[in-house]
Amino acid sequence: MKRIAIFPGSFDPFTKGHHDIVMRSLGLFDEVVIAIGYNTAKQNRYFDIDFMVKKIETTFVNVPRVKVVVYNELTATLANKMGAKYLIRGLRNTTDFEYENSISQVNRHLNKELETVFLITSPELSSVSSTIIREVHRYGGDVQEFLPYEL
């Protein structure tokens with residue numbers, strides 16, 4: 001049976017830290033689906049979702065085992081529809097763990113076959129966050145070194 005994992009997030013923007021998690025996940029799973037959660041009622045993304053989909057797809061153009069989807073439903077429901085039995089989450093610190101652990105428990109309640117796999121962020125990328133990158137970019141700072149694609 002094909003081992004499909006979903007890597008859900010807003011990816012606003014998709015960073016080198018996210019890229020690292022995806023590439024490391026390919027050693028564990030047959031297919032990794034980068035699932036960009038999007039709520040059409042909320043128009044507060046910093047980077048346009050279509051722009052981000054194109055940037056992520058371009059980043060993985062030579063990696064056929066990686067797919068990108070946009071979704072607007074529960075992650076557990078998406079996993080069921082896609083036949084995915086795993087969720088991937090990256091952890092930078094204990095604060096991330098506390099937050100992600102709660103979400104993983106709810107996802108497991110909603111979909112009993114769904115396992116969350118936590119990967120610890122590579123040390124050199126642990127300070128990279130989408131929030132910080134957005135803030136630096138908003139005020140004209142150079143964020144290119146934190147992104148796996150050209151802005």
Side-chain angles (χ1 to χ4, degrees), residues 2-39 42 44-47 49 51-111 113-137 141 143-151:
K2 195 174 189 182
R3 290 169 302 165
I4 301 170
I6 294 177
F7 184 28
S10 61
F11 304 112
D12 188 21
F14 187 86
T15 70
K16 283 186 177 177
H18 297 131
H19 181 267
D20 178 60
I21 295 294
V22 171
M23 296 307 292
R24 290 169 46 212
S25 296
L26 290 171
L28 302 171
F29 304 104
D30 300 313
E31 182 178 311
V32 174
V33 179
I34 299 168
I36 304 173
Y38 184 64
N39 184 339
K42 294 181 181 178
N44 60 354
R45 285 187 63 90
Y46 183 77
F47 290 97
I49 198 159
F51 171 80
M52 197 50 50
V53 167
K54 286 179 183 144
K55 290 299 182 182
I56 297 169
E57 286 176 341
T58 300
T59 299
F60 294 101
V61 69
N62 294 320
V63 188
R65 293 172 39 214
V66 174
K67 294 181 170 63
V68 181
V69 300
V70 176
Y71 73 109
N72 186 15
E73 61 189 318
L74 293 171
T75 302
T77 303
L78 175 69
N80 191 47
K81 286 180 180 177
M82 298 193 79
K85 303 288 185 205
Y86 308 95
L87 293 180
I88 302 164
R89 301 304 297 153
L91 300 177
R92 291 172 295 178
N93 52 44
T94 56
T95 303
D96 283 354
F97 174 76
E98 292 297 326
Y99 175 73
E100 295 295 344
N101 184 49
S102 298
I103 293 172
S104 72
Q105 297 298 326
V106 172
N107 280 322
R108 180 68 183 233
H109 175 76
L110 296 170
N111 181 340
E113 297 180 355
L114 196 56
E115 290 289 348
T116 300
V117 177
F118 297 114
L119 296 178
I120 305 300
T121 303
S122 294
E124 68 275 11
L125 299 170
S126 64
S127 65
V128 178
S129 82
S130 293
T131 303
I132 292 170
I133 292 171
R134 284 193 307 270
E135 204 61 15
V136 171
H137 188 266
V143 296
Q144 199 56 62
E145 70 181 282
F146 305 112
L147 306 174
Y149 49 83
E150 294 292 322
L151 267 185

>> Evaluate Leu110 against Thr77 for side chain to side chain contact (heavy atoms under 4.5 Å, CB included), listing each step before the verdict.
In response: CA-CA 8 Å; Leu110 296 170; Thr77 303; over 6 Å; no
>> Run Val33 and Ile4 through side chain to side chain contact (heavy atoms under 4.5 Å, CB included) and show every step you take.
In response: CA-CA 8 Å; Val33 179; Ile4 301 170; 4.1 Å; yes
> After noting the C-alpha distance and the side-chain angles of Ile88 and Phe29, does the key distance pass the side chain to side chain contact (heavy atoms under 4.5 Å, CB included) rule?
Replying inline: CA-CA 10 Å; Ile88 302 164; Phe29 304 104; 4.0 Å; yes
>> salt bridge (charged side-chain N to carboxylate O under 4.0 Å, His left out) for Arg108 and Glu113? Distances and angles first, verdict last.
In response: CA-CA 7 Å; Arg108 180 68 183 233; Glu113 297 180 355; over 6 Å; no
> Run the side chain to side chain donor-acceptor pair (under 3.5 Å) check on Tyr46 and His137 step by step: do they pass?
Replying inline: CA-CA 10 Å; Tyr46 183 77; His137 188 266; 2.7 Å; yes
>> Could you walk me through whether Ile34 and Phe14 satisfy the side chain to side chain contact (heavy atoms under 4.5 Å, CB included) test, starting with their C-alpha distance in whole Å, then the side-chain angles of each, then the deciding distance to 0.1 Å, before giving a yes or no?
In response: CA-CA 10 Å; Ile34 299 168; Phe14 187 86; 4.0 Å; yes
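Using a 4.0 Å cut-off between a side-chain N of Lys or Arg and a carboxylate O of Asp or Glu, Arg24 and Asp20 qualify as a salt bridge. Using a 4.0 Å cut-off between charged side-chain N and carboxylate O, Glu57 and Lys67 make no salt bridge. Looking at Glu150 and Lys55, no side-chain N of the basic residue comes within less than 4.0 Å of a carboxylate O on the acidic one, giving no salt bridge.
In this structure, Ser127 OG and Asn93 CG are separated by 11.0 Å, a value rounded to the nearest 0.5 Å. Considering NZ of Lys54 and OG1 of Thr59, their distance stands at 14.0 Å, rounded to 0.5 Å. Atom CD1 of residue Ile49 and atom CG of residue Asn72 lie 9.0 Å apart, to the nearest 0.5 angstrom. To the nearest 0.5 angstrom, Lys16 atom NZ is 10.0 Å from Glu124 atom CD. With values rounded to the nearest 0.5 angstrom, Ile120 atom CD1 is found 13.0 Å from Arg89 atom CZ.
No donor-acceptor pair under 3.5 Å is formed between the side chain of Arg45 and the backbone N or O of Pro13. The main-chain N or O of His18 is found under 3.5 Å from a side-chain atom of Thr15 such that the two form a donor-acceptor pair. For the pair Asn111 (side chain) and Ala76 (backbone), a donor-acceptor distance under 3.5 Å is present. Between the side chain of Thr121 and the backbone N or O of Leu91 there is at least one donor-acceptor pair closer than 3.5 Å.
In this structure, Tyr71 has its ring center at least 6.0 angstrom away from the ring center of Tyr38. Checked against the 6.0 Å centroid threshold, His19 and Phe60 count as a close aromatic pair.
Here the side chains of Asn107 and Leu87 are in contact, with some heavy-atom distance below 4.5 Å. Side chains of Val68 and Met52 form no contact here, defined as non-hydrogen atoms less than 4.5 Å apart. Using a 4.5 Å heavy-atom threshold, the side chains of Ile103 and Thr75 count as separate. Contact of the Leu28 side chain with the Leu119 side chain is registered, since non-hydrogen atoms from C-beta on lie closer than 4.5 Å.
Applying the salt bridge (Lys or Arg N to Asp or Glu O under 4.0 Å) definition to pairs two or more places apart or across chains, those involving residues 125-136 are Glu135-Arg138.
More than 12 non-hydrogen atoms from other residues, nucleotides or ligands lie less than 6.0 angstrom from CZ of Phe51.
Considering all non-hydrogen atoms of both residues, Ser126 and Arg92 come closest at O-CD, 3.4 Å.
Of the residues listed (Arg65, Lys2, Arg3), the one engaging Asp30 in a side chain to side chain donor-acceptor pair (under 3.5 Å) is Arg3, and it is the only one.
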